[in-house]
Amino acid sequence: MPELPEVETVVRGLRTALPGRSIVAVRLGKTDFIDDPVVLGESLPGRRIAGIERIGKYIHLQLAPDGAGRADSPSHLIVHLGMTGRLVVRAAHEPAPPHTHVFFQLDDGRELRYTDIRRFGRMFLAADAMVADLRGRLGVDALDISAEEFRRRLAGRRARIKALLLDQHVLLGVGNIYADESLWRARLHPARLAAKLSKQEIDRLRHALQRVLGEAIRLRGSSISDFVDSDGQPGGYQRWHRVYGRKGKPCCRCRAMVQRIIVAGRSSHFCPRCQPAPRTRHAASKPRRGKLKRR
DNA sequence: AGCTCTTCCTGAAAGC
DNA sequence: TGCTTTCAGGAAGAGC
């Protein structure tokens, strides 16, 4: 599933292939994941791709100003890969895999293709203001966030740390795999409440997070089920997962059995020995004695 | 504020 | 063996 390292890998690949190319034609299959497929199909032909960047898990294709004089046409194509989305550049004559729903025919005989089995992805055209709005609603990129900013965003939050790591309004780019891997590395239980983490624990978590993300980018992402880069190649970081998908296997640090529980509605993998569970109020509280307050 | 549940979707894996 | 059920999850919205 594409998280920050996978999206970064795709963006770097697209950057070697797309800038300077123009979109000649657009062919669409199923379009229920596209905000306005008609406008997308009509306004992209003739547009030149100027650059590609990553906004969290979003892929942002910047389009050069419209040569046809339609000055008001949106100049940003935003793509979110969801769970199973793939953006691949291929020669136009090569057969496309099943569930390929968008074909951007390029002026060099190749095609940028969007394939998405489950169609959890999103695709839309955006004007400048919409991109600014998107950025404003989202948190700070997990790779860039400073220690101070990370502490500030977790301070006083009574949510579980796992929930906050996944919350794109807090931190950008982290999904289930890298949340679990970072928490293992920082030796923090996923159900710990953010407000109860010490400064040292928060700093340790940020360090673990950025290290895990950096290593994953170096290995071109994790391919669990569907992920491939813009050349169609899988990543390599899945071989280095320490807890994700390792339920029942020994912890790489202490040999205790890796467990899987649901935290914040997400399956969470952790080592019960390295990542001690928070004290629940239940277990800690003494039976109530004396008179109960009337209300 | 933050939790749980639901929805979207398909294919793999588990269960019978 | 072959069918049915369950599960996975990013994000948003509802309801509590």
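Note that the structure is predicted; figures quoted are calculated from it, not measured. Just so it is clear: chains get the letters A, B, ... in the order the sequence lines come, proteins before strands, and each one is counted from 1.
Checking C:dA11, B:dG2, B:dT10 against the side-chain heavy atoms of A:Arg266 singles out C:dA11 as nearest. Relative to the side chain of A:Lys57, the nucleotides C:dG9, C:dA12, C:dG10 differ in distance, and C:dG10 lies closest. Nearest to the side chain of A:Tyr244, among B:dT10, C:dG9, C:dA12, sits C:dG9. When the nucleotides C:dA11, B:dT10, C:dG9 are ranked by their closest atom to the side chain of A:Arg119, B:dT10 comes out on top. Closest to the A:Arg260 side chain, of the nucleotides C:dG10, C:dA8, B:dC3, is C:dA8. The side chain of A:His80 lies closest to C:dG10 when the candidates are B:dG11, C:dA8, C:dG10. Distance from the side chain of A:Arg160 is smallest for B:dC3 among the nucleotides B:dC9, C:dA8, B:dC3. Checking B:dG11, B:dC3, C:dA8 against the side-chain heavy atoms of A:His99 singles out B:dG11 as nearest. Of the candidates B:dC3, C:dG10, B:dG11, the closest approach to any side-chain atom of A:Ile117 belongs to B:dG11.
Between the NZ atom of A:Lys196 and the P atom of B:dG2 there is a distance of 14 Å, rounded to whole Å. At whole-Å resolution of the value, CE in A:Met83 and C1' in C:dC7 are 11 Å apart. A:His169 has its NE2 atom 5 Å from the P atom of C:dA12, to the nearest Å. Distance, A:Leu164 CG to B:dG2 P: 7 Å, rounded to whole Å.
Residue contacts shown for A:Phe227 are absent, as no nucleic acid heavy atom lies under 4.0 Å away. No contact: A:Thr84 has no heavy atom under 4.0 Å from any strand. The residue A:Asp116 sits apart from the nucleic acid: no heavy atom pair falls under 4.0 Å.
Proximity of the aromatic rings of A:Phe270 and A:His189 is defined here by a centroid distance below 6.0 angstrom, and this criterion is met.
Taking 4.0 Å as the cut-off between side-chain N and carboxylate O, A:Glu53 and A:Arg135 count as a salt-bridged pair.
Going from atom CZ of A:Phe124 over to atom OH of A:Tyr58 covers 6.0 Å, rounded to the nearest 0.5 Å.
Looking only at distances, a side-chain donor or acceptor of A:Glu3 sits under 3.5 Å from a matching main-chain atom of A:Ile177.
Between A:His60 and A:His76, the ring-plane angle classifies as tilted under the 30° and 60° cut-offs.
With hydrogens and angles left out, the side chain of A:Arg118 and the base of C:dG10 share no donor-acceptor pair within 3.5 Å.
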